[in-house]
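The block underneath contains the structure these notes are about, expressed in structure tokens.
For ligands, and for the atoms within them, numbers begin at 1 and follow the listed sequence.
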Amino acid sequence: MTSRLVCVSNRVSLPRKASAPGGLAVGVLSALKHMGGMWFGWGGELSDEDPGEPTIQVRDGVTYALLNLRRDLFERYYNGFANEALWPLFHYMPTRFCYRHEDHDAYQEVNREFARKLLPLLKPDDLIWVHDYHLIPLASRLRELGVRTPIGFFLHIPFPYIETLRVLPTYVELVRDMMAYDLVGFQVQGDLRSFQASVERCLPEARIENAETIRIGQRTVGTGVFPIGVDVEAIQASAQRAWGSASVRRMVASLVGRKLIIGVDRLDYSKGLVERFAAYEQFLEVFPENRNHVTYLQIAPLSRKDVQSYAEIRHSLEQAAGRTNGRFADTDWTPIRYLNRNFPHETLMGFLRAAHVGLVTPLRDGMNLVAKEYLAAQDPNDPGVLVLSTMAGAAHELSSALLVNPYDSRAVVHAIQTALTMPLEERRERHAAMLETLRKNDIRSWAQRFVTRLRETSTWRSPRESLVSAVRARP
Ligand code: GDG
């Protein structure tokens with residue numbers, strides 16, 4: 001009998017047309033659609049009293065277990081510790097780091113709550129796959145409740161080098177908690193190396209045996225690099241379908257023959273939007289022949305609205321877009337179209353297909369799925385050009401993109417110009433090389449590689465034995 005896959009993440013997204021933006025949701029949903037199983041996590045509701053038991057819904061062979069959380073805890077766990085402490089630090093931005101003990105306590109409490117509410121839903125042969133920085137301590141809390149089934153952890157964002165990580169007052173505890181997993185996976189090699197360095201510094205009793213194993217006491221913890229991919233065929237099909245849709249046709253018609261530069265990012269300071277807007281303004285200055293011949297469409301749905309630094313970046317971008325448009329716009333041309341709207345995924349894929357240049361310039365990114373989606377959405381016979389930040393995990397695989405340092409505005413300006421003027425043959429060659437890479441490591445093989453490794457790596461007791469002990473341990 002094959003084990004059931006149980007994915008756990010902070011937020012569960014029920015499949016719907018205009019799904020919320022976010023790379024994690026795209027990845028988990030695709031894995032579960034192919035393998036079946038359960039997705040457990042916060043359903044989006046907050047309550048002022050005891051939130052009760054998770055609600056269960058089954059759709060297309062996937063069980064969704066939706067947990068409610070207490071409002072006061074959520075504020076400190078999610079906005080506070082996860083997004084004001086861990087997120088900036090893991091993206092190497094310690095100046096944005098904000099630590100409060102109460103937030104850390106709430107983070108621990110929510111992880112305890114996740115463990116308590118997940119326990120009764122577990123079956124003896126389950127494989128548990130925990131996603132991302134919100135839930136690092138979850139395996140430790142589940143182990144305390146007696147769970148011994150294999151638990152894997154995948155970090156969607158970068159893992160910082162120890163000299164940055166140790167800014168966090170509780171960094172040793174965090175590294176120790178990661179050792180309660182059977183398998184810990186990262187996006188790129190550099191993240192794994194940073195993790196190994198942290199283990200060496202924080203846990204003298206642990207030994208790095210090789211790239212795939214850390215020994216700690218009687219146990220071994222598997223480690224690995226699992227770069228997340230995209231569903232190439234599905235994106236191609238969506239992009240083609242969307243091409244004929246009213247929204248894409250209207251957008252293309254409104255360009256009246258101008259070339260389109262596109263950016264699609266959650267509104268987040270890590271995505272380098274302020275720097276990108278400044279580079280585009282500089283581009284119109286340095287290459288004036290492009291004025292009234294290109295349009296830059298930036299789609300940036302709002303995320304984490306309650307975090308102060310997100311309100312600030314929103315304000316800076318509104319100012320920057322206003323300045324560029326005020327400076328260069330003509331009666332029939334707006335240089336930047338800046339939208340804080342959320343679009344259906346399929347429509348987005350149609351927009352990506354229509355763009356001559358995909359501008360993906362994060363200051364730091366675990367992977368960046370938009371870069372991969374942009375390539376998959378192109379017409380292979382007449383593809384656009386990807387301008388990609390060297391600070392995105394995706395740059396390791398997509399070496400035929402025009403790679404730029406996002407802090408180097410001159411490099412970004414010249415890359416945009418090179419992309420807009422690149423001959424068809426070169427565009428085809430670069431695109432074909434990258435599409436092949438995307439096909440080899442698509443979303444299915446990402447999930448399969450992780451789950452297969454997890455199945456082989458269990459270092460606790462046998463599953464059956466484990467559930468028996470967990471059931472006995474239930475309060
Ligand atoms: C984290 C890591 C890593 C965007 N706008 C809309 C929309 N999106 C979709 C995109 C893409 C996803 O959201 C964004 O994924 P990214 O990978 O670019 O970025 P994060 O959200 O920061 O994701 C990242 C990822 O996890 C996966 O491991 O790559 O490094 O930070 O799929 O198309 N989707 C819809 N409407 C929008 O307006 N429906």
Side-chain angles (χ1 to χ4, degrees), residues 7 9-11 13-31 82-83 86-88 90-93 129 131-134 153-159 185-188 190-191 225-232 234-235 238-239 242 247 262-273 297-304 310 338-353 355 358-377 386 388-389 391-398 438 441-443 446-447 450:
C7 287
S9 65
N10 164 62
R11 179 75 201 261
S13 313
L14 286 167
R16 63 187 110 106
K17 249 187 153 186
S19 56
L24 182 151
V26 173
V28 173
L29 191 59
S30 170
N83 288 323
L86 295 183
W87 178 271
F90 280 39
H91 286 85
Y92 291 87
M93 297 180 184
W129 186 1
H131 291 261
D132 234 4
Y133 59 103
H134 315 88
F153 176 74
F154 182 74
L155 185 66
H156 289 255
I157 65 174
F159 191 86
F186 300 92
Q187 298 272 26
V188 295
D191 298 329
V225 176
F226 304 87
I228 192 167
V230 294
D231 191 336
V232 178
I235 292 171
S238 306
S247 17
I262 198 164
V264 177
D265 311 73
R266 276 186 308 103
L267 189 76
D268 191 300
Y269 52 79
S270 68
K271 303 292 183 185
L273 292 169
L297 171 63
Q298 177 63 54
I299 295 173
L302 301 180
S303 65
R304 306 173 192 167
Y310 288 73
Y338 170 50
L339 279 71
N340 288 136
R341 261 191 60 192
N342 187 3
F343 285 89
H345 204 254
E346 183 156 311
T347 308
L348 273 187
M349 298 305 108
F351 289 164
L352 292 179
R353 189 179 178 88
L359 209 45
V360 182
T361 56
L363 304 179
R364 189 70 67 164
D365 218 326
M367 176 55 60
N368 195 297
L369 292 182
V370 174
K372 295 186 169 184
E373 290 167 346
Y374 175 74
L375 292 168
L386 176 65
L388 178 61
S389 163
M391 302 294 170
H396 293 265
E397 290 165 272
L398 304 178
L438 292 190
N441 185 32
D442 69 357
I443 189 78
W446 167 75
F450 190 94

Residues passing the side-chain contact (heavy atoms from CB on, under 4.5 Å) test with Ala234, sequence neighbours excluded, are Asp231
Ligand 1 atoms nearer than 4.0 angstrom to some heavy atom of His345 are 32 (O), 33 (O), 34 (N), 39 (N)
*Does Gln298 reach the main-chain N or O of Gly263 with its side chain, forming a donor-acceptor pair under 3.5 Å?*
yes
Under 4.0 Å between heavy atoms, the region of Ile228 that gets near ligand 1 turns out to be side chain
Please assess Phe90 against Phe159 for the test ring-ring contact (aromatic ring centres under 6.0 Å, His included), listing each intermediate value before the final yes or no.
CA-CA 6 Å; Phe90 280 39; Phe159 191 86; 5.5 Å; yes
- Hey, are the side chains of Val264 and Leu348 touching, using non-hydrogen atoms and a 4.5 Å cut-off? yes
Among Val264, Val360, Val230, Asp365, closest by heavy atom to atom 24 (C) of ligand 1 is Asp365
Candidates Met367, Arg266, Arg364, Met349; heavy atom nearest atom 22 (O) of ligand 1 found on Arg266
Trp87 near ligand 1 by a heavy-atom separation under 4.0 Å
yes
Ligand 1 to Gln187, heavy atom cutoff 4.0 Å, flagged ligand atoms 3 (C), 28 (O)
Of Phe351, Phe90, Phe343, Phe154, the one whose closest heavy atom lies nearest atom 35 (C) of ligand 1 is Phe343
query = Parallel, tilted or perpendicular: which describes the rings of Tyr310 and Tyr269, with under 30° parallel and over 60° perpendicular?
reply = tilted
Applying ring-ring contact (aromatic ring centres under 6.0 Å, His included) to His134 and not counting sequence neighbours gives Tyr78
The option among His91, His156, Glu373, Lys271 carrying the non-hydrogen atom nearest to atom 33 (O) of ligand 1 is Glu373
query: Going by the angle between their ring planes, with limits at 30° and 60°, are Trp446 and Trp129 parallel, tilted or perpendicular?
result: tilted
(Q) Checking the N or O distance criterion of under 3.5 Å, is ligand 1 in contact with Gly366? (A) yes
Any heavy atom of Asp265 under 4.0 Å from ligand 1? The part involved is neither
